[in-house]
There are 2 protein chains.
Amino acid sequence: MDLHQLADCLKALGDPTRLKIIALLNLRDFCVCELIPIFNISQPAVSKHLNRLKTSGLVTENRRGQWVFYSLNRKKLEEIGYGLNHLPDFSTEIEELDKQGLLVKCD
Amino acid sequence: MDLHQLADCLKALGDPTRLKIIALLNLRDFCVCELIPIFNISQPAVSKHLNRLKTSGLVTENRRGQWVFYSLNRKKLEEIGYGLNHLPDFSTEIEELDKQGLLVKCD
DNA sequence: TATTGAAATAACCATATCGTTATATTACTA
DNA sequence: TAGTAATATAACGATATGGTTATTTCAATA
């Protein structure tokens, strides 16, 4: 997962409603209609939050008859934790800028 | 760190520029003027990103003469990783809603 | 097959975000 | 102390975000 993908996932998690959805999905799968009464927002709003989490790969959906249940992608969540603890190393980029004389010296 | 604070930190990290700043500060401290040529944005834009990271507690500033150097708050970053791996447990809230008959049954 | 219910999508609105340029503040220095 | 350099703040604009209501899609069922 590169920096931009990591930022995208963190942004998806950086909303209280979505983060609580993730915490709920950590307990068990939920369908959309179960989530609606938990949050004081409309069904489309819940759907959009779930879609945002889905496009970042944080949740998966699967239809059971009339209902669509969402599951937490624990692997993705672990990847994010790992990504935060192993941030990309920009040393060579800094050196490169230095060689090109584009780096300011402050001391 | 509660859910809202965690979401706030994740939101702060959920921007490619700010996440790269965090990755850079993981190497060493940087002052504002060093960061400007690394990103193709203006000085005030860099200042604002740093301020956003500071208000979430992810970085600290300290002035050295004319320059203001920013440091990564590694403890905070660890807290966030920990928070992601130990999400709050909403079991009792779900049970409470169930007792009040506010929980939908989907099966 | 017509109806019902769940979820997704569309269209819209208010506010937040992230960039800009201009200006103010702060600290060093001639 | 006047001038310069670094940083912060102010004011503004374009786009993104997160909510709404209305409508569409899809699956189950009378």
Side-chain angles (χ1 to χ4, degrees), chain A residues 3-5 7-22 24-25 29-56 58-71 101-107, chain B residues 3-22 24-25 29-56 58-71 102-107:
Chain A
L3 189 109
H4 275 80
Q5 288 175 305
D8 177 74
C9 286
L10 293 168
K11 192 171 184 176
L13 293 170
D15 171 90
T17 302
R18 286 195 293 269
L19 190 57
K20 185 168 176 178
I21 289 176
I22 293 294
L24 289 166
L25 295 179
D29 292 358
F30 278 82
C31 77
V32 182
C33 67
E34 286 179 301
L35 293 172
I36 298 166
I38 298 175
F39 301 95
N40 275 328
I41 56 174
S42 65
Q43 174 267 315
V46 173
S47 270
K48 282 205 295 183
H49 280 304
L50 288 165
N51 189 60
R52 179 67 182 82
L53 291 169
K54 195 177 65 174
T55 57
S56 296
L58 278 156
V59 305
T60 55
E61 67 178 15
N62 79 348
R63 187 175 273 277
R64 295 182 208 163
Q66 212 166 0
W67 300 282
V68 177
F69 281 77
Y70 284 83
S71 315
L102 295 170
L103 214 57
V104 181
K105 291 283 166 204
C106 309
D107 38 48
Chain B
L3 188 109
H4 276 80
Q5 288 174 305
L6 181 57
D8 177 73
C9 287
L10 293 168
K11 193 171 183 175
L13 293 170
D15 172 271
T17 301
R18 285 193 296 267
L19 190 56
K20 186 168 176 178
I21 289 175
I22 293 293
L24 289 166
L25 295 180
D29 292 359
F30 278 81
C31 77
V32 182
C33 66
E34 286 179 301
L35 292 172
I36 297 166
I38 298 175
F39 300 95
N40 274 328
I41 56 175
S42 63
Q43 173 268 317
V46 173
S47 269
K48 281 205 296 184
H49 281 304
L50 288 165
N51 189 61
R52 179 66 181 83
L53 290 168
K54 196 178 65 173
T55 56
S56 297
L58 278 156
V59 306
T60 55
E61 67 178 15
N62 80 346
R63 188 176 273 276
R64 295 184 208 161
Q66 213 166 359
W67 300 281
V68 177
F69 280 78
Y70 284 84
S71 316
L102 294 171
L103 214 58
V104 180
K105 290 286 166 202
C106 308
D107 38 46

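Residue numbers begin at 1 in each chain, while the letters A, B, ... track the order of the sequences.
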Could you tell me how far apart [X] ([atom1]) and [N] ([atom2]) are, to the nearest whole angstrom?
| X | N | atom1 | atom2 | result |
| --- | --- | --- | --- | --- |
| B:Leu13 | C:dC18 | CG | P | 12 Å |
| B:Ile21 | D:dT7 | CD1 | P | 13 Å |
| B:Phe69 | D:dA8 | CZ | P | 12 Å |
| A:Phe30 | C:dA6 | CZ | P | 17 Å |
| A:Glu61 | D:dA27 | CD | P | 12 Å |
| B:Leu50 | D:dT7 | CG | C1' | 10 Å |

**Request:** Counting heavy atoms from C-beta on, name the nucleotide in C:dA7, C:dC18, D:dG18 closest to the side chain of A:Arg18.
**Result:** D:dG18
**Residues which pass side chain to side chain donor-acceptor pair (under 3.5 Å) with B:Asp15, listed by chain and number, not counting sequence neighbours** = none
Under the salt bridge (Lys or Arg N to Asp or Glu O under 4.0 Å) rule, collect the residues that match up with [X], sequence neighbours excluded.
| X | result |
| --- | --- |
| A:Arg63 | none |
| B:Arg52 | B:Asp8 |
| A:Lys11 | none |

**Request:** Tell me what A:Lys54 touches on the nucleic acid: a base, only sugar-phosphate, or nothing, going by heavy atoms under 4.0 Å.
**Result:** nothing
**Item:** Under the side chain to side chain contact (heavy atoms under 4.5 Å, CB included) test, residues paired with B:Lys48 that sit two or more places apart
**Value:** none
**Message:** Using a 4.0 Å heavy-atom cut-off to protein, can you give one letter per nucleotide of nucleotides 19-30 of chain C, 5' to 3': B if the base is in contact, S if only the sugar-phosphate is, - if neither?
**Reply:** BBBB----SS--
**Asked** Closest heavy-atom contact between A:Pro37 and B:Val104?
**Response** CG-CG2, 4.3 Å
**Message:** If the cut-off is 4.0 Å, is B:Tyr70 near the phosphate of D:dA8, judged by side-chain N/O to OP1 or OP2?
**Reply:** yes
**Prompt:** Any side-chain N or O of A:Arg52 less than 4.0 Å from the OP1 or OP2 oxygen of D:dT17?
**Reply:** no
**Item:** Contact nearer the 5' end of DNA chain C, comparing A:Val68 with A:Lys11
**Value:** A:Val68
